[in-house]
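Below is one structure, written out as structure tokens, with a few remarks after it.
Residue numbering restarts at 1 for every chain, and letters A, B, ... go by the order of the sequence lines. Just so you know, these numbers come straight off a predicted model, no measurement behind them.
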There are 2 protein chains.
Amino acid sequence: MAAVIIDGQEIANAILKGLAGEVANLKSRYGLVPGLVSVQVGEDLSSQSYARSEARAATEVGIKYSTKSLAEEASPEKLLKTIRDINANPQVHGIIVQLPLPYWLDRDKVLAAVTPQKDVDGLHPLNRGLLATKDGEPLFIPSTAQAVMFLLAKSGVQVDGARAVVVGRSNTVGLPVSHLLMRGNATVTICHSRTRDLGGVTRQADILVVAAGQPGLIRGDMVKPGAVVIDVGINQVPDRQSKIGYRLLGDVNFAEVKEVAGFLTPVPGGVGPVTVAMLLENTLLAAIRQGSAAGILPSDYQLRAN
Amino acid sequence: MAAVIIDGQEIANAILKGLAGEVANLKSRYGLVPGLVSVQVGEDLSSQSYARSEARAATEVGIKYSTKSLAEEASPEKLLKTIRDINANPQVHGIIVQLPLPYWLDRDKVLAAVTPQKDVDGLHPLNRGLLATKDGEPLFIPSTAQAVMFLLAKSGVQVDGARAVVVGRSNTVGLPVSHLLMRGNATVTICHSRTRDLGGVTRQADILVVAAGQPGLIRGDMVKPGAVVIDVGINQVPDRQSKIGYRLLGDVNFAEVKEVAGFLTPVPGGVGPVTVAMLLENTLLAAIRQGSAAGILPSDYQLRAN
């Protein structure tokens with residue numbers, strides 16, 4: 001039986017619509033316009049493409065999105081000063097540092113410069129630390145990990161007690177997803193490039209989340225029949241047939257796995273759009289918290305949950 | 001074939017001997033006496049017993065150990081002020097907040113009050129966050145987790161590529177051990193009270209670390225023959241035969257598992273003494289860093305590795 005394909009674009013559209021209503025309300029009733037700044041160092045193509053999706057969705061929702069671009073050779077001091085200036089700007093409620101940074105910059109030091117209250121991508125070491133503990137309360141959670149959990153909830157799978165396998169241990173996806181699954185009482189196994197017999201491990205998964213950055217890594221015979229498979233991979237694979245010269249492939253062999261899994265997210269159109277929606281939701285949350293703290297909003301103003 | 005029993009006390013003694021030599025050198029050549037303060041709120045018996053072991057070993061090594069006791073009903077403000085005063089005291093290089101704290105205190109807020117440079121137990125959310133990421137560089141790592149890794153190294157097991165199962169997801173043991181095993185390239189599964197078919201999971205482990213707080217939880221038939229089993233549990237079980245009214249039992253059924261495992265740590269005398277040794281090593285490291293920063297030690301002074 002073929003898997004149910006989870007339509008991430010449709011789910012994202014519904015979230016964005018809700019956010020647009022909230023933003024309109026904040027503007028008309030309180031004059032508060034949520035602001036998000038993307039800090040980009042150098043010209044990494046995939047992060048630029050990602051930033052364009054963010055900008056498009058932000059505009060759709062009514063969030064003021066702007067980009068602060070620094071040359072690849074910008075000094076660490078200049079980058080840190082840029083971030084500090086944005087921290088101090090009351091018109092900006094959220095900051096995203098586009099990753100990867102050029103390798104010679106100290107990523108954790110840069111991420112730690114973002115004020116935790118504006119860290120809408122949840123990558124400040126302090127927010128990561130609070131997420132990585134059983135009952136810590138991070139101010140924000142990395143949006144890709146949030147998107148994965150949102151899609152799991154949409155599939156109706158019970159996380160509590162499930163065997164979950166996460167392939168990939170990145171700071172931005174694999175690890176935060178593992179922590180969220182663990183908080184949801186799944187029994188979580190984290191696999192990576194040094195895992196022996198990957199298929200033997202992934203076949204045990206009721207929930208399989210793949211964020212390895214390897215196109216087509218997960219084949220049909222590596223999936224337990226009926227499992228929920230969330231494909232976080234977005235790989236640009238050269239393709240002469242395509243106008244843009246490449247096509248996007250996930251980490252999952254879609255054709256094979258859709259015959260085995262119970263639920264499956266496509267690439268593109270799966271995790272990606274929901275990630276952007278979560279980032280914007282976090283930005284709205286940040287704006288509401290900062291607006292309440294500044295007395296612009298009533299102190300008990302709440303973001304309506306999606 | 002019976003397991004090799006890893007003698008934690010003997011391993012700890014060797015570490016302590018090395019530390020004593022270092023401390024003597026710091027004192028005689030630079031007049032620097034490493035100082036460690038234990039902050040205790042209320043009268044939790046097991047943390048008091050743990051603190052006594054710390055005090056004894058610290059004295060043996062030449063580290064100045066003192067205890068700051070607050071009444072159980074001490075206000076959060078008073079506790080935070082106590083910690084800030086210790087932060088500011090240049091004679092003190094390390095601070096341990098004895099856990100558990102009374103439940104009405106906000107543990108993460110208290111741990112976050114310790115200056116990260118003196119956080120020798122590695123429990124500041126920032127240090128936890130840096131540990132919880134693949135390549136973050138925490139200033140200190142929780143000493144129990146360090147002890148587990150040290151004992152694994154002593155057993156000669158190869159962590160890279162191994163299947164590791166951690167039972168228990170506490171902030172102080174289960175999670176940091178998982179992160180360290182992951183950094184060592186093990187494929188790690190974290191089990192807990194909501195895990196279904198625990199034995200089915202633990203039987204897959206080449207390395208089994210148990211920190212569940214349940215005496216005798218791991219039976220012989222839950223262990224893969226030849227596995228390395230590290231028992232972090234220390235449970236006080238009432239025993240009328242004993243002078244002190246109880247005896248200490250681990251989370252592993254020792255009699256059964258020693259017939260199956262390849263290596264096994266006993267309780268008491270396994271992880272416990274090595275944990276104390278690691279805490280003191282961290283204190284020495286803190287003293288050296290702070291001494292170097294203050295110009296008391298040469299800036300390139302290094303702690304000799306054990």
Side-chain angles (χ1 to χ4, degrees), chain A residues 106-109 111-112 116 122-139 142 158-172 174-176 178-179 181-198 200-202 204-206, chain B residues 106-109 111-112 116 122-139 142 158-172 174-176 178-179 181-198 200-202 204-206:
Chain A
D106 181 337
R107 192 201 53 212
D108 277 345
K109 204 171 162 185
L111 293 172
L123 293 178
H124 189 291
L126 193 68
N127 281 325
R128 290 193 327 233
L130 291 169
L131 178 62
T133 48
K134 214 171 103 184
D135 44 10
E137 295 178 2
L139 293 169
Q158 205 195 339
V159 174
D160 195 322
R163 278 299 291 272
V165 173
V166 177
V167 183
R169 52 179 162 174
S170 69
N171 293 332
T172 45
L175 291 173
S178 306
H179 293 130
L181 286 166
M182 223 182 300
R183 282 175 179 235
N185 290 325
T187 299
V188 182
T189 303
I190 301 110
C191 296
H192 44 73
S193 54
R194 305 303 295 255
T195 294
R196 294 189 217 129
D197 184 21
L198 180 62
V201 183
T202 56
Q204 301 185 321
D206 305 309
Chain B
D106 181 337
R107 192 199 55 212
D108 278 346
K109 204 170 162 187
L111 292 172
L123 294 177
H124 189 290
L126 194 68
N127 281 324
R128 288 192 328 232
L130 292 168
L131 177 63
T133 47
K134 214 171 102 186
D135 45 9
E137 296 178 0
L139 294 169
Q158 206 195 338
V159 173
D160 195 322
R163 280 298 291 273
V165 173
V166 177
V167 183
R169 52 179 161 172
S170 69
N171 293 332
T172 45
L175 292 172
S178 306
H179 293 128
L181 287 166
M182 225 183 298
R183 283 174 178 235
N185 290 325
T187 300
V188 182
T189 303
I190 301 109
C191 297
H192 43 74
S193 55
R194 305 302 295 254
T195 294
R196 294 188 217 128
D197 184 21
L198 179 62
V201 183
T202 56
Q204 301 183 321
D206 304 311

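Residue contact with chain B, scored on non-hydrogen atoms closer than 4.5 Å, is absent for A:Ala112. At a 4.5 Å heavy-atom cutoff, the contact between A:Asn185 and chain B is made by backbone and side-chain atoms alike.
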(message) Determine whether A:Asp135 and B:Arg107 satisfy the following criterion, side chain to side chain contact (heavy atoms under 4.5 Å, CB included), listing intermediate values before the conclusion.
(response) CA-CA 10 Å; A:Asp135 44 10; B:Arg107 192 199 55 212; 3.0 Å; yes
(message) Under the criterion side chain to side chain contact (heavy atoms under 4.5 Å, CB included), I'd like the reasoning laid out for B:His192 against A:Thr187: C-alpha separation, chi angles, the key distance, then a yes or no.
(response) CA-CA 7 Å; B:His192 43 74; A:Thr187 299; 4.3 Å; yes
(message) Please evaluate residues A:Asp197 and B:Arg163 with respect to the criterion side chain to side chain contact (heavy atoms under 4.5 Å, CB included), reporting the C-alpha separation (whole Å), side-chain torsions for both, the decisive distance (0.1 Å), and the verdict.
(response) CA-CA 10 Å; A:Asp197 184 21; B:Arg163 280 298 291 273; over 6 Å; no
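Partners of A:Ser178 by side-chain contact (heavy atoms from CB on, under 4.5 Å), not counting sequence neighbours, listed by chain and number: A:Val166, A:Val188, A:Ile190. With sequence neighbours excluded, no residue forms a side-chain hydrogen bond (donor to acceptor under 3.5 Å, both in side chains) with B:Arg183. Contacts of B:Arg194 classified as side-chain hydrogen bond (donor to acceptor under 3.5 Å, both in side chains), with partners at least two apart in sequence or in another chain: A:Asp160.
Not a single donor-acceptor pair under 3.5 Å links the side chain of A:His179 to the backbone N or O of B:Ala132.
Along residues 122-130 of chain B, the residues that come nearer than 4.5 angstrom to chain A, judged on non-hydrogen atoms, are B:His124, B:Pro125, B:Leu126, B:Arg128, B:Gly129, B:Leu130 in order of number.
Counting heavy-atom pairs closer than 4.5 Å to chain B, the top-ranked of the candidates A:Thr195, A:Val165, A:Asn171 is A:Asn171. In terms of heavy-atom pairs under 4.5 Å with chain B, the best-connected choice from A:Ser170, A:Ala186, A:Gly136 is A:Ala186.
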